[in-house]
Undergrad: 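Supplied in structure tokens, the structure appears directly below.
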2 protein chains.
Amino acid sequence: MQPDQTDRKILDLLQQNAQMTIKEIASKINLSVTPVHERIRKLEKEGFIDKYVCLLNRRKLGKSLVVYCNVTLDKQRKESFEDFNQAIVKMPEVLECSVVSGNFDYMLKVVVEDGEAYNQFYQHKLSALSSVLHISSYFVISEIKYTTGIAVL
Amino acid sequence: MQPDQTDRKILDLLQQNAQMTIKEIASKINLSVTPVHERIRKLEKEGFIDKYVCLLNRRKLGKSLVVYCNVTLDKQRKESFEDFNQAIVKMPEVLECSVVSGNFDYMLKVVVEDGEAYNQFYQHKLSALSSVLHISSYFVISEIKYTTGIAVL
DNA sequence: GTTGAAACCGGTTGTCT
DNA sequence: AGACAACCGGTTTCAAC
């Protein structure tokens, strides 16, 4: 079942700030705590809410460099995709990895300390995979926008 | 001041699951609740923790399509970058936008319902910006990995 | 940093409308 | 389905070690 407008309001508030209390949410949408509480439980149980996390400050923790990578695999080897996927999920530097359409196979988002750390990652981890044929790296110079919140209203 | 190993353990647990109680964290790192509580408050106050959010399930909410875009601006106009940045931050479809090095200017991550919705976004919102010279779109076919958690240990 | 206690507040549950 | 009230558990603060 798709969430109604009230549910969507709740989802939107929680994806902006998961620390908001049920009371605060209730007052914002002109309801009492009971229905808000029930709706949240329902949204969690039905899988509309995947998880609650905290977002850390990359820079303050020394992870100053973000790199988007385009990766092309060696399609001669039929096991290339499976091998690559399994290797990628184990790499903590890789935050996002998707198979994409177009003139390369994967789009990656990599977060590391600095250029030197990226060089290490590139040479010894990413290009070291036998399934990888080609990599293009795009270094983030300035982050204009970053949000985990999707449009729900 | 940089967080010590205990702080980093706490940060790692919270970026995996922000609902974990202080009690649970304390038992996992063999400490009592008081110091854990103090460390979390300190990490929040000093800005290592940016915010607490919930991550929604895109698919269940009908946002099935993710597209990475490479955007090139019209550099003849000196106000292009400022115009573009201001427009992008207002677009709820755009979750990530960064200035990057290489043969184009911006990398975007866009989340929409489907191909038709992307077409609408592309034609009427993104390419409608006067500062935009060229756009390349890479449609996500399969999401291999997605996490907001950076390596902190 | 630990323990224990107390106050507080939000989450949780049951009942009523 | 929403409002109200009582209970429970975790958070928060404090004191003493």
Side-chain angles (χ1 to χ4, degrees), chain A residues 1-63 147-153, chain B residues 1-63 147-153:
Chain A
M1 199 55 174
Q2 274 301 98
D4 62 16
Q5 273 309 109
T6 305
D7 287 328
R8 287 172 182 276
K9 266 271 180 66
I10 295 172
L11 289 174
D12 194 45
L13 290 169
L14 286 177
Q15 76 175 343
Q16 303 305 328
N17 174 18
Q19 300 232 92
M20 193 173 290
T21 65
I22 294 181
K23 244 183 199 170
E24 287 174 308
I25 296 170
S27 79
K28 273 186 195 294
I29 61 178
N30 295 314
L31 241 60
S32 66
V33 295
T34 314
V36 174
H37 178 255
E38 280 167 356
R39 281 167 184 269
I40 293 174
R41 286 295 89 84
K42 187 155 170 280
L43 291 164
E44 287 170 351
K45 194 166 63 66
E46 292 183 4
F48 291 102
I49 297 174
D50 271 341
K51 60 193 300 200
Y52 294 85
V53 300
C54 76
L55 302 181
L56 304 183
N57 188 313
R58 270 202 347 262
R59 304 257 178 112
K60 293 215 65 162
L61 288 161
K63 305 285 178 177
T147 178
T148 54
I150 63 176
V152 290
L153 299 181
Chain B
M1 199 51 174
Q2 275 298 98
D4 63 16
Q5 274 307 110
T6 305
D7 287 327
R8 287 172 182 275
K9 263 275 181 67
I10 295 172
L11 290 174
D12 194 45
L13 290 169
L14 286 176
Q15 76 175 341
Q16 304 305 329
N17 174 19
Q19 301 233 90
M20 194 173 290
T21 65
I22 296 179
K23 245 183 196 169
E24 287 173 306
I25 296 170
S27 79
K28 273 185 196 294
I29 61 178
N30 295 314
L31 242 60
S32 64
V33 296
T34 314
V36 173
H37 178 255
E38 280 168 356
R39 282 167 183 271
I40 293 174
R41 285 296 90 83
K42 188 156 170 279
L43 290 165
E44 286 170 352
K45 194 166 63 63
E46 293 182 4
F48 291 102
I49 296 174
D50 272 340
K51 61 192 301 202
Y52 293 85
V53 301
C54 76
L55 302 181
L56 304 183
N57 188 312
R58 273 196 297 105
R59 304 256 177 110
K60 293 215 66 162
L61 288 160
K63 304 285 179 178
T147 178
T148 55
I150 62 176
V152 291
L153 299 180

Undergrad: Reading nucleotides 9-15 of chain D from the 5' end, what letters show protein touch, with B for base, S for backbone sugar-phosphate only, - for no heavy atom under 4.0 Å?
TA: -SSSS--
Undergrad: Quick check for you: to the nearest 0.5 Å, what is the distance between Asn57(A) atom CG and Leu61(A) atom CG?
TA: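 It is 6.5 Å, given to the nearest 0.5 Å.
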Undergrad: Check the distance between dC9(C)'s P and Glu24(A)'s CD and give it to me in whole angstrom.
TA: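 Roughly 13 Å, once rounded to whole Å.
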Undergrad: Measure the CD1-NZ distance between Ile49(B) and Lys42(B) for me, rounded to the nearest 0.5 Å.
TA: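 Answer for the CD1-NZ pair, Ile49(B) versus Lys42(B), is 12.0 Å.
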Undergrad: Starting at atom CG of Leu31(B), determine the distance to atom P of dG1(C), rounded to an integer number of angstrom.
TA: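 Atom CG in Leu31(B) sits about 6 Å away from atom P in dG1(C).
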Undergrad: Between C1' on dA1(D) and CG on Asp7(A), what's the gap in Å once rounded to a whole number?
TA: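 Atom-to-atom, Asp7(A) to dA1(D), this comes out as 12 Å.
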Undergrad: Kindly indicate, with the supporting measurements, whether the criterion side chain to side chain contact (heavy atoms under 4.5 Å, CB included) is fulfilled by Gln16(B) and Tyr52(A).
TA: CA-CA 8 Å; Gln16(B) 304 305 329; Tyr52(A) 294 85; over 6 Å; no
Undergrad: Working to the nearest 0.5 angstrom, can you tell me the gap between Lys45(B) NZ and Arg41(B) CZ?
TA: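 Here the interatomic distance stands at 11.5 Å.
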Undergrad: Counting N and O atoms only, with roles assigned by atom type, does the side chain of Arg8(A) sit under 3.5 Å from a partner on the main chain of Val152(A), one being a donor and the other an acceptor?
TA: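 Yes, because the side chain of Arg8(A) sits within donor-acceptor range (under 3.5 Å) of the backbone of Val152(A).
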